[in-house]
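Remarks on the structure that follows.
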Amino acid sequence: MISPVPVFGQIPDDDIQHWVRTLNQQLPQVSFRSLNQLTSTEKQNVRFAVVANPTVDQLKSLPALEWVQSIWAGVEKLVDTFVDTDIQLTRLIDPQLSATMAECALTWCLYLNRDMHLYQQDQQQRVWQPRPYRAPEETTIGILGLGELGQRCALRLQQNGFRICSWSQSPRDNLPFRHFYGEQQLGEVLGQSDIILNLLPLTPATRGLLNKTTLKHCVKEARLINFGRGPTVSEPDLIAALDQGALEFAVLDVFDEEPLAPEHPFWTHPAVRVLPHVSAPTSRVSAAKIVAQNMTKMIEGKELPPFVDLKRGY
Ligand code: NDP
Ligand code: OXD
């Protein structure tokens, strides 16, 4: 019999309760509970936990913790907490999440490609100004980060006629589009992308990656979609690039500070669309199935789930 598995993190209590119920339905042989329902003796024996952006204090209250399953795909905060410990971390890899992200990427790429952002600006000025039609085949989308989400987005966008190029840490063979890799080739991908779609994880190497120096490689009036993490893009440098017309528009779902502060200039910038971190919300039902599979692997110990490389940071 394994000790109760706490579910906790910085999400509302109601959400925790929903997760607890869904996980208990998925895996009835395990007792999932919210952290505050565990006695102090039970906390001493906890080996496994399910978390959503937990605090360091919550994690420290579980001295025997060996493995954590996050219900989020991004792990930058957990990596910082776990890098000097023996705790293993599994992040959410869910085909449903990738499909949701690909749907959102397609939505916004079509929107930008058909100049809907410009027509919205025209409407505000009562300007009637048809623009020439541009087919997806005439537009190159540069995808930064070709992981679980980036690959799914690339295929969905390509199926829809867009030209794709991608950029990641390592070289790739046999892709149906051009791939670039490493710091030295970032300029090449930026230099041919009409729309840049950021799906990089936040690590020391990707923090501030899109800044006044690297953004200079962008084609004139390129549009940027940031669905990865806010700090990958320097906010002041992005605003400067938009103000100078070097970039035409930015669709931002992620920010340095979330929620975005009411006084933040992005809210009112005419060339920025603000989204409240909604491009790919976790589906509780599909994620709970994945958590249950990973938990079963951990309990049986025969085949382990994938662990995050804490040194690499993603
Ligand atoms: P993966 O870990 O599967 O993929 C990461 C990709 O980024 C890989 O291709 C990797 O390269 C590349 N990469 C990492 N570091 C570098 C670097 N320094 N230079 C170049 N490429 C790099 O992540 P996912 O696709 O699952 O998720 C990506 C991110 O999306 C998450 O970390 C999270 O921050 C964000 N996210 C946002 C959501 C939202 O709603 N806005 C929802 C879910 C996730 P390589 O392949 O060579 O290793
Ligand atoms: C995630 C996210 O990392 O929602 O899953 O950003």
Side-chain angles (χ1 to χ4, degrees), residues 9-11 15 19 50-54 69-80 89-105 107-108 142-156 164-173 175 177 179-190 196-211 214 225-233 251-256 258-260 273-284 286-287 290-291 306-314:
Q10 298 179 73
I11 55 172
D15 287 356
W19 276 101
V50 177
V51 299
N53 200 9
Q69 165 77 58
S70 173
I71 55 169
W72 282 20
V75 286
E76 66 282 0
K77 294 199 175 103
L78 286 161
V79 166
D80 285 350
L89 164 62
T90 296
R91 71 189 188 95
L92 183 66
I93 300 177
D94 180 355
Q96 174 63 53
L97 184 82
S98 306
T100 306
M101 183 60 95
E103 177 194 71
C104 197
T107 303
W108 283 99
I143 302 181
L144 308 184
L146 197 65
E148 299 294 332
L149 304 181
Q151 289 177 62
R152 189 66 182 257
C153 290
L155 295 179
R156 185 90 201 255
I164 303 297
C165 59
S166 58
W167 182 76
S168 76
Q169 183 109 293
S170 42
R172 294 285 181 87
D173 292 326
L175 289 174
F177 44 80
H179 182 71
F180 300 86
Y181 67 97
E183 222 175 306
Q184 286 179 343
Q185 294 187 358
L186 176 63
E188 281 190 67
V189 77
L190 295 179
I196 300 151
L197 169 60
N198 176 44
L199 282 168
L200 288 165
L202 181 62
T203 68
T206 64
R207 184 177 286 277
L209 184 84
L210 296 181
N211 55 44
T214 51
I225 300 176
N226 190 6
F227 287 169
R229 284 292 183 261
T232 294
V233 183
V251 177
L252 306 175
D253 185 47
V254 286
F255 303 90
D256 287 0
E258 294 178 18
L260 192 63
R273 186 62 40 87
V274 169
L275 301 171
H277 202 134
V278 287
S279 51
T282 300
S283 150
R284 195 178 302 122
S286 78
I290 297 199
V291 174
F307 298 139
V308 171
D309 180 339
L310 294 168
K311 293 261 164 353
R312 191 178 71 160
Y314 68 98

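Ligands are counted one by one from 1 in listed order, and the atoms in each one are counted from 1 as well.
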Measure from the side-chain N and O atoms of E103 to the backbone N and O of A99, and report whether any donor-acceptor pair falls under 3.5 Å. no
I need the minimum non-hydrogen distance between G313 and T203, along with the two atoms involved. O-CG2, 3.6 Å
When every non-hydrogen atom of L209 is compared with those of T214, the smallest separation belongs to O-OG1, 2.7 Å
What distance separates R156 CZ from C104 SG, expressed to the nearest 0.5 Å? 11.0 Å
Quick check: does any side chain N or O of R229 sit under 3.5 Å from a backbone N or O of P201, one acting as donor and the other as acceptor? no
Can a donor-acceptor pair be found, under 3.5 Å and without considering hydrogens, that links the side chain of S279 to the backbone of D253? no
Could you list each nitrogen or oxygen of ligand 2 that sits under 3.5 Å from a protein nitrogen or oxygen, with the atom names and the distance?
| residue | atom | partner | partner atom | Å |
| --- | --- | --- | --- | --- |
| ligand 2 | 3 (O) | A73 | N | 3.2 |
| ligand 2 | 3 (O) | G74 | N | 2.7 |
| ligand 2 | 3 (O) | R229 | NH2 | 2.8 |
| ligand 2 | 4 (O) | H277 | NE2 | 3.4 |
| ligand 2 | 5 (O) | A73 | N | 2.7 |
| ligand 2 | 6 (O) | R229 | NH1 | 2.8 |
| ligand 2 | 6 (O) | R229 | NH2 | 3.2 |
| ligand 2 | 6 (O) | H277 | NE2 | 2.6 |

Looking at every heavy atom in both E258 and H277, which two are closest together, and how far apart are they? OE1-ND1, 2.7 Å
List by chain and number: which residues place a heavy atom under 4.0 Å from ligand 1? A73, G74, R91, M101, G145, L146, G147, E148, L149, W167, S168, Q169, S170, R172, L199, L200, P201, A205, T206, F227, G228, R229, D253, V254, H277, S279, A280, R312, Y314
For residues L97 and P281, report the shortest heavy-atom separation together with the two atoms involved. CD1-O, 3.7 Å
Donor-acceptor under 3.5 Å (Q10 side chain, N53 main chain): yes
